[in-house]
Amino acid sequence: MPARLQDRIALVTGSTDGIGVAIARELAAEGARVIVSGRNTERGLGVVASIVDKGGRAEFIPADLALGRTAIRELADLANAKAGGRIDILVNNAALLIEPAPTSEVSEELIDAALSVNVKAAFLLTGLIAPSMVERGEGAIINLGSINGLFGMAGSALYSATKATLHSLTKSWAAEYGPAGVRVNAVAPGPTLTTKVEAWADHIAPILAAIPSRRASSPEEVARAVVFLASEDASNIHGAILSVDGGRAAV
């Protein structure tokens, strides 16, 4: 079977850890040339090496999206330079994962940091990358949302708000860019077995007990949903929020 993303160029933010690593690897396995990006250079180069070792193509651009417009524009410029001005797939994955806490205990600094990374970075980067997709009449943008953005969860007000905003942006961007041939969709993971989430086992245990599958997803399962939405298999899917959550959002 031919690779679904052969010769496509993908930029994946926050791809030096967790789900982002799996997304970068799965995109590369389907033939894409992947631009890995994140704050940690050592981890980023390790992700690139793991892709290259398996015959894939990848390179790394360090970026701290919490630093705002200048850092985000620098990432976009460097990625476009490496891609020859043709980024086919943008995955807005970078996010600040927030430990559950009562609203009254959330600091203003944490609110600002969460909005900066989870919302503003995706907003600004999409605004910088999407126009060239529009000019070519094709492209795919996939946002990493969360089931937390689909329903209420005590202790998760801030994180849920940022992800619900990203879901709303997905629909707005689908309306804005879809007529020009650019597909914008989102993946909404439920509990996923990353190192950070595993440390919150007690918190997520009641959630797992309530979902049909009775288990968390692997990062690879989430990544395969991203690959699907990036590929021509999803050629007429626009503005969708695809949950990868064992059925939690459905019941």
T170/N143 under side chain to side chain donor-acceptor pair (under 3.5 Å): CA gap, chis, key distance, verdict: CA-CA 7 Å; T170 297; N143 298 317; 2.9 Å; yes
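- At distances below 3.5 Å, at least one donor-acceptor pair connects side-chain atoms of H167 with backbone N or O atoms of S146.
- Taking the centre and axis of the six-membered ring of F151, the NZ or CZ atom of R248 falls inside the cone set by 45° and 6.0 Å.
- The nearest pair of heavy atoms linking S116 to A66 is OG-O, 3.5 Å.
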Quick one, R215 with E221, criterion salt bridge (charged side-chain N to carboxylate O under 4.0 Å, His left out). Give me CA distance, side-chain angles, the key distance, then yes/no. CA-CA 12 Å; R215 69 173 180 86; E221 287 173 313; 2.7 Å; yes
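- Here K82 pairs with E59 in a salt bridge; the nearest charged N to carboxylate O distance falls below 4.0 Å.
- Counting heavy atoms from C-beta outward, V12 and S37 have side chains that stay 4.5 Å or more apart.
- Annotation for A3 and E30: closest pair CB-O, 3.0 Å, computed over non-hydrogen atoms.
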Between F228 and I237, does the side-chain contact (heavy atoms from CB on, under 4.5 Å) criterion hold? Intermediate values first, please. CA-CA 10 Å; F228 164 69; I237 298 178; 3.7 Å; yes
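- Under a hydrophobic clustering in which Ile, Leu, Val, Met, Phe, Trp and Tyr are joined whenever their side-chain heavy atoms come within less than 4.5 Å, directly or via other members, I141 and L229 fall into different clusters.
- Distance alone, capped at 3.5 Å, places no donor-acceptor pair between the N148 side chain and the Y159 backbone.
- Within a 6.0 Å sphere centred on CD of E108, other residues, nucleotides and ligands contribute 12 heavy atoms or fewer.
- Looking at every heavy atom in both residues, A121 comes nearest to I72 through CA-CD1, 3.6 Å.
- Closest non-hydrogen pair, A249 versus I147, comes out as CB-CG2, 4.4 Å.
- Contact between S217 and V244 at its shortest, heavy atoms only, is OG-O, 3.4 Å.
- In this structure, the side chain of T16 does not engage the main chain of G38 through any donor-acceptor pair within 3.5 Å.
- Between the side chains of T126 and N92, at least one donor N or O sits under 3.5 Å from an acceptor N or O.
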